[in-house]
Amino acid sequence: MSRPFRFAVNMLSTGTSAEWRATCRKAEAMGYDVILVPDHLGMPAPFPSLVAAAEATERPRVGTFVLNAGFWNPALLAREVASTDQLTGGRLELGLGTGYARAEHDSAGLPFGSPRERVDHLERTITELDRLLGDPEHRPATAQSPRPPLLLGGNGNRVLRLTARHADIAAFTGARTEPDGTLRLISPAALEERVAAYRGFAADRSTPAELNYLVQRVEVGNDALARARELSAYAPDLPAEELLEHPAVLTGTVREIAERVRGHRERYGFTYFTVLEPFMDAFAPVIEELRS
């Protein structure tokens, strides 16, 4: 049996306290299941934003999408996670990744490191969080036991192995990181291979992880192929026909997009889709269509 769909919005700005709460309530009314906050300099701080989101809403879970492990000391992060889980009534989902933006590390005066070093730090962070939050004597304690659900994001083999061992949710971007820190979409076939690699690493799991995908654009309207051609800058290496097949770019009428989302569930196994805040309104009718 396939998991039911879940839908999240990744918030990129807060504004005033009243504006932030109003946006979170709007996301809840539109049917989003999770309100997420990223971890980038120049954007809202994740944990206080999530506490405010939980206070403003009743149903959605809240989460980080995703924390840059290089910004965090594991012991201090454990304190933040436990406190936030308590203050949100056990609604927290913890998303972690290696980080990919060197400029942010430079601005913060933190070492960026090689890809190997960043994955090493991510692994240490996961191990320490499991140890600390799993300790019944740890204070503060989490509301969820033994810890909030863990989402790990990444496409490389080492991160996929970590995800297979530790994560409740496996998040895919379908992109590779260029030397300058920008993301470039890989082909649908290459994404399918990455998901297959993860499934191989996770073959011994007793409980399969939920598979998440981050959608980059939602463009509702007629002539989906023409709209895909207009978005070719997102993937200059891909023909428009392949871009139309890619879960990162959802174009077409509401019904066509809903069918594409169902198709991505069949092809890749994705059941948990995240859209960026600028496309929250555009995607809301798709959620309604998928649940009708």
Please state whether the rings of [X] and [Y] are parallel, tilted or perpendicular, taking 30° and 60° as the class boundaries.
{"X": "Phe273", "Y": "Phe270", "answer": "perpendicular"}
{"X": "Tyr32", "Y": "Phe283", "answer": "tilted"}
{"X": "His105", "Y": "Phe71", "answer": "tilted"}

Within-4.5 Å side-chain heavy-atom neighbours: Val159 and Thr163:
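Sidechains of Thr163 and Val159: in contact.
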When rounded to the nearest 0.5 angstrom, what distance separates CG in Leu191 from CD in Glu245?
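Nearest 0.5 Å value for the CG-CD distance: 11.5 Å.
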Less than 4.0 Å between a side-chain N and a carboxylate O, is that true for [Y] and [X]?
{"X": "Arg229", "Y": "Asp223", "value": "no"}
{"X": "Glu123", "Y": "Arg165", "value": "yes"}
{"X": "Asp85", "Y": "Arg91", "value": "no"}
{"X": "Arg131", "Y": "Glu128", "value": "yes"}
{"X": "Arg291", "Y": "Asp33", "value": "yes"}

Ring centres under 6.0 angstrom apart (Phe7, Phe5):
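Phe7 vs Phe5: aromatic centres under 6.0 Å.
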Non-neighbouring partners of Glu219 that pass side-chain hydrogen bond (donor to acceptor under 3.5 Å, both in side chains), sequence neighbours left out
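Only Arg217 meet the side-chain hydrogen bond (donor to acceptor under 3.5 Å, both in side chains) criterion with Glu219.
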Report yes or no: is the cationic atom of Arg118 (NZ for Lys, CZ for Arg) under 6.0 Å from the centre of the six-membered ring of Phe112, at an angle within 45° of the ring normal?
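Yes, cation above the ring, under 6.0 Å and within 45°.
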If you group Ile, Leu, Val, Met, Phe, Trp and Tyr by side-chain heavy-atom gaps below 4.5 Å, do Leu12 and Val218 land in one group?
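Different clusters.
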